[in-house]
2 protein chains.
Amino acid sequence: MAHTAWRTAVLESLANNKSLPYAKYVQLATVRPDGKPACRTVVFRGFLNETDTIQFVTDNRSRKVEEIAKNPSAEVAWYLPNSREQYRMSGTLQVVNDEEKDPFLAQARRDMWARQSEGAQAQYAWPEPGLPRDINPDAFSPTPEQVAAMGPVVPAFALLLFTVAEVDHVLLRENRRIVYERVQDGNNGSDVWSCAEVNP
Amino acid sequence: MAHTAWRTAVLESLANNKSLPYAKYVQLATVRPDGKPACRTVVFRGFLNETDTIQFVTDNRSRKVEEIAKNPSAEVAWYLPNSREQYRMSGTLQVVNDEEKDPFLAQARRDMWARQSEGAQAQYAWPEPGLPRDINPDAFSPTPEQVAAMGPVVPAFALLLFTVAEVDHVLLRENRRIVYERVQDGNNGSDVWSCAEVNP
């Protein structure tokens with residue numbers, strides 16, 4: 001399967017910024033049930049296998065999960081400091097949590113869990129995010145045994161899949177801006193994309 | 001006038017990240033007229049005088065100006081790499097453009113224009129952003145004389161004022177999260193803010 005041009009561009013940009021661990025940090029915007037925007041930093045976790053679907057992870061108890069249930073539309077802003085580029089990607093999000101019925105997606109969630117460090121896994125066993133601070137300091141340092149006792153994957157761990165419909169790529173150094181749009185869903189897994197140079 | 005605790009925290013965070021020019025780059029989310037989120041990188045341009053109002057600049061021809069006219073709600077996500085902190089700030093945006101009637105705000109726009117470099121000023125004389133690429137390369141390199149001929153401030157230059165109502169500050173290194181909320185508009189220019197420690 002041929003990859004889209006924007007996927008290739010993203011992987012090249014990442015390679016050009018690999019000295020900065022935080023070059024993988026992107027900002028993900030969604031819309032709250034009250035119609036106001038929400039925006040937070042998440043970590044790019046690669047593409048789902050050989051597809052163009054972008055992976056993030058989230059705590060299933062976070063507000064974004066609720067927001068996505070009501071409005072799955074999202075836009076990512078991704079600034080890469082070394083190469084001075086910005087990607088804006090708009091599309092839709094899907095939450096893959098403990099209740100996932102699709103065996104392929106449930107497996108993708110287990111695979112992503114297995115890639116998390118012990119410290120990252122432990123965070124899903126922490127008290128519910130956003131509630132008043134738990135005064136028990138041990139609540140934030142569960143042992144690996146305590147984490148494992150919560151199941152093969154801690155229930156609060158969710159995989160977030162982002163299906164991209166449009167990419168707006170600004171290259172500040174070259175004063176260029178390229179817009180990719182999915183114009184047709186492929187029937188063999190490879191979508192058709194348009195690509196245009198626009199004014200920065 | 002006393003400053004809010006979150007303003008002090010932001011300025012301290014900036015000082016702790018001053019080796020990185022892009023620590024001033026933040027992501028600004030708004031909602032499009034079709035109800036989908038938009039998110040892009042903008043540069044923090046300081047506070048408006050001694051207030052807690054945050055300043056950005058924008059091209060008045062950009063889509064965000066339209067979006068703000070229909071829905072002024074916004075959220076900023078600001079990740080500071082050196083200190084490993086994130087601020088999320090929600091509030092409302094106001095566009096101060098060439099048609100501004102308030103003399104104080106019109107002056108703030110002129111002041112901000114004067115702070116822009118020659119190269120940054122020239123961008124507001126470029127062809128309209130997002131349209132098909134102008135094939136005339138000179139269109140992207142106006143002379144300072146050409147820029148000056150467009151007026152004391154190029155009409156496309158707009159100041160963006162962000163009035164913050166809630167700040168969610170995550171300190172990853174210390175495993176802390178502090179939420180500030182404006183609970184009352186002050187009648188002497190100093191609002192009342194609540195402050196709470198919550199679970200990260």
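Letters A, B, ... mirror the listed sequences (proteins, then strands); counts begin at 1.
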I'd like to know which of [options] tops the heavy-atom pair count under 4.5 Å against chain B.
{"options": "A:Arg40, A:Met89, A:Glu197, A:Arg84", "result": "A:Arg40"}
{"options": "A:Ala196, A:Ser73, A:Gly35, A:Ala139", "result": "A:Ser73"}
{"options": "A:Ser90, A:Pro72, A:Pro81", "result": "A:Pro81"}

If hydrophobic clusters are built by linking Ile, Leu, Val, Met, Phe, Trp and Tyr wherever their side-chain heavy atoms come under 4.5 Å apart, do [X] and [Y] end up in the same one?
{"X": "B:Val167", "Y": "B:Val170", "result": "no"}
{"X": "A:Ile54", "Y": "A:Met112", "result": "no"}
{"X": "A:Leu105", "Y": "A:Phe47", "result": "no"}
{"X": "B:Val95", "Y": "B:Val57", "result": "no"}
{"X": "B:Leu159", "Y": "B:Val42", "result": "no"}

- Message: Does B:Glu12, at its CD atom, have more than 12 non-hydrogen atoms belonging to other residues, nucleotides or ligands within less than 6.0 Å?
- Response: no
Is any side-chain heavy atom of [X] closer than 4.5 Å to a side-chain heavy atom of [Y]?
{"X": "A:Asn199", "Y": "B:Arg133", "answer": "yes"}
{"X": "A:Phe140", "Y": "B:Pro200", "answer": "yes"}
{"X": "A:Arg177", "Y": "B:Pro129", "answer": "yes"}

- Item | A:Pro37 versus B:Ala74, closest heavy-atom pair with distance |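 Looks like CG-CA, 3.5 Å.
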- Is there a donor-acceptor pair under 3.5 Å between the side chain of B:Gln86 and the backbone N or O of A:Thr41?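 Flag set: sc B:Gln86 to bb A:Thr41 pair under 3.5 Å.
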Side chain, backbone, both or neither of [X] within contact of chain B (heavy atoms, under 4.5 Å):
{"X": "A:Gln123", "answer": "neither"}
{"X": "A:Asp134", "answer": "both"}
{"X": "A:Arg61", "answer": "neither"}
{"X": "A:Leu28", "answer": "neither"}

- From B:Tyr22 atom OH to A:Leu80 atom CG, the distance as rounded to the nearest 0.5 Å: 11.0 Å
- Task: State the SG-CD distance between A:Cys39 and B:Glu75, to the nearest 0.5 angstrom.
- Result: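 So the SG of A:Cys39 and the CD of B:Glu75 are separated by 6.5 Å.
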- Message: Quick check on the interface: out of B:Leu131, B:Asn71, B:Thr30, who has the most heavy-atom pairs with chain A under 4.5 Å?
- Response: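 The residue among B:Leu131, B:Asn71, B:Thr30 with the greatest pair count is B:Leu131.
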- Query: In terms of heavy-atom proximity below 4.5 Å to chain A, should B:Ala38 be classed as side chain, backbone, both, or neither?
  - Reply: both
